[in-house]
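Atoms within each ligand, like the ligands themselves, are counted from 1 in listed order.
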Amino acid sequence: MDPVYDQPMSDCLFCAIVAGDIPAAIVAETRDTVAFRDISPQAPVHVLVVPRAHHQDAAALASADPALAGRFLADVAAVAEAEGVAGSGHRIVFNTGTDGGQTVGHVHAHLLGGRGMSWPPG
Ligand code: AMP
Ligand code: ZN
């Protein structure tokens, strides 16, 4: 039993946010994606962007629907623009699997900005 990859889709937190069953601070919506503020922000701008469709991680999304993967990235870029961090720079993170620190098994981009970022990440 993998704590992330064996989460049943019926229990998916981000599917529930997309459906409106769990409230979130939504900042943008497109036909493909929903963007909302992370409940535990790690930077002045910390927005999660999720496809409406449930895919486990970036690889699963790219494999199942590469056109959606492309539109997803374009939607993340639009949120960066709207949040005022496109020109200043920002970080887009896909935590993936156990070692990657993924805790919600529905692919999501973390858009982080509004401060300088260090490298390497923790
Ligand atoms: P990850 O660890 O990459 O899977 O990211 C999951 C993110 O979801 C974490 O940064 C959490 O703070 C965030 N999160 C968990 N529950 C909620 C929620 N109800 N609304 C918004 N963000 C959440
Ligand atoms: Zn889901």
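- Closest non-hydrogen pair, Arg91 versus Ser118, comes out as NH2-O, 2.9 Å.
- Protein heavy atom at the shortest distance from atom 16 (N) of ligand 1 is Leu13 CD2, 3.3 Å.
- Considering backbone and side-chain N/O of Phe14, none are found under 3.5 Å from N/O of ligand 1.
- For atom 5 (O) of ligand 1, the closest non-hydrogen atom of the protein is His108 NE2, 3.1 Å.
- Considering backbone and side-chain atoms together, Val104 places an N or O closer than 3.5 Å to an N or O of ligand 1.
- For Ile22, no heavy-atom contact with ligand 1 is shorter than 4.0 Å.
- Nearest protein heavy-atom contact of atom 19 (N) of ligand 1 is Ile39 CD1, 3.9 Å.
- Residue Val93 does not touch ligand 1, judged by heavy-atom distances below 4.0 Å.
- The ligand atoms of ligand 1 that sit less than 4.0 angstrom from a heavy atom of Phe36 are 21 (C).
- Scanning the protein heavy atoms around atom 11 (C) of ligand 1, the nearest turns out to be Asp38 OD1, 3.4 Å.
- Proximity of Val47 to Asp38: side-chain heavy atoms (C-beta onward) are nowhere separated by under 4.5 Å.
- A distance below 6.0 Å separates the ring centres of His108 and His110.
- Under a 4.0 Å criterion applied to the non-hydrogen atoms of Gln102, ligand 1 contributes the atoms 4 (O).
- Distance from atom 4 (O) of ligand 1 to its nearest protein heavy atom, with residue and atom name: Thr103 N, 2.7 Å.
- Of all the heavy atoms of Arg37, the ones lying under 4.0 Å from any atom of ligand 1 belong exclusively to the backbone.
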